[in-house]
Amino acid sequence: MRITSDPSTDPADYPYVHQVRVRFAETDAMGIVHHSRYLPIMEEARVRYLDHVGHPYESIRVDGDMAVLEVSLRYRLPLRFDERVDIHLKLADVTRTTFQMQYLISVAGEVRATGVTAHGCLTPDGKPTRLPQWLRDLADG
């Protein structure tokens, strides 16, 4: 699979936003957020998004899981300790078996990063399966 989504840098293009505050432990020796810490921030926003649309992650796991298949991340400006970070999120490029999530990471309206995660659904025994109907409906909505 190849990521096909091109995330927008306009917050108005995203129906959901989650805010986090940068912890000191996430910064490196240069005083900026280490590149590896962006993925957990994106994951936190994705889990909160699922709560927001009425499908908490724990309820999804009853029927299987949503594996991350691929990640794309473009760093534009660094995040720093104690900043309040907005993670804008939207569902994109939904097929019968995969979907992509787009992310816009910003501070006070300034774009700091954009990203995309590609996902596939798995049965409880780890086999690929079609997306649940609610997720396909969400894409159509």
Side-chain angles (χ1 to χ4, degrees), residues 1-124 126-141:
M1 170 172 204
R2 296 221 182 256
I3 287 181
T4 56
S5 292
D6 185 19
S8 170
T9 58
D10 183 354
D13 291 336
Y14 296 83
Y16 180 76
V17 63
H18 176 70
Q19 191 174 80
V20 299
R21 196 165 185 168
V22 174
R23 298 175 300 178
F24 182 75
E26 295 169 319
T27 61
D28 62 16
M30 294 183 293
I32 61 173
V33 172
H34 190 269
H35 67 274
S36 67
R37 303 310 303 158
Y38 284 71
L39 294 179
I41 290 169
M42 292 162 59
E43 180 180 76
E44 178 181 335
R46 187 169 62 249
V47 169
R48 295 289 74 90
Y49 171 78
L50 292 170
D51 287 343
H52 175 75
V53 298
H55 294 276
Y57 192 67
E58 284 305 315
S59 71
I60 293 169
R61 297 201 68 222
V62 169
D63 297 322
D65 214 333
M66 294 181 172
V68 176
L69 305 174
E70 192 173 328
V71 176
S72 173
L73 190 54
R74 181 173 178 199
Y75 304 99
R76 296 166 181 264
L77 292 170
L79 296 173
R80 299 183 182 282
F81 170 67
D82 212 30
E83 288 185 315
R84 294 176 194 271
V85 181
D86 293 322
I87 303 97
H88 305 269
L89 182 70
K90 80 174 185 178
L91 182 63
D93 293 352
V94 176
T95 71
R96 289 184 299 172
T97 58
T98 65
F99 66 97
Q100 297 179 36
M101 300 296 295
Q102 294 180 352
Y103 307 83
L104 169 63
I105 300 171
S106 64
V107 174
E110 181 179 55
V111 175
R112 302 295 183 87
T114 55
V116 178
T117 53
H119 304 262
C121 291
L122 303 174
T123 63
K127 294 181 181 165
T129 188
R130 290 187 179 198
L131 300 183
Q133 187 63 47
W134 66 264
L135 189 55
R136 288 180 275 162
D137 291 345
L138 190 61
D140 294 336

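Heavy-atom basis, side chains included; hydrogens, waters and symmetry copies ignored.
A donor-acceptor contact closer than 3.5 angstrom is absent between the side chains of Gln102 and Ser8. Under the 3.5 Å distance criterion, with hydrogens and angles disregarded, no donor-acceptor pair is assigned to the side chains of Arg48 and Tyr16.
Leu91 has its side chain within reach of Leu135: a pair of non-hydrogen atoms, C-beta onward, lies under 4.5 Å apart. Using a 4.5 Å heavy-atom threshold, the side chains of Arg23 and Arg37 count as touching. Using a 4.5 Å heavy-atom threshold, the side chains of Val22 and Asp82 count as separate. By the 4.5 Å heavy-atom criterion applied to side chains, Met42 and Leu73 are counted as neighbours.
For Asp10 (side chain) and Ala12 (main-chain N/O), a donor-acceptor pair under 3.5 Å exists by modelled atom type.
The side chain to side chain donor-acceptor pair (under 3.5 Å) test with Asp86 singles out one residue from Arg112, Gln19, His18, and that residue is Gln19.
In this structure, Tyr103 has its ring center no closer than 6.0 Å to that of Tyr38.
How far CG of Asp13 is from NE2 of His88: 10.5 Å, rounded to the nearest 0.5 Å.
One finds no salt bridge joining Arg80 and Glu83 here, because no Lys/Arg side-chain nitrogen approaches an Asp/Glu carboxylate oxygen to under 4.0 Å.
Using a 30° and 60° split on the angle between ring planes, His55 and Trp134 fall in the parallel class, below 30°.
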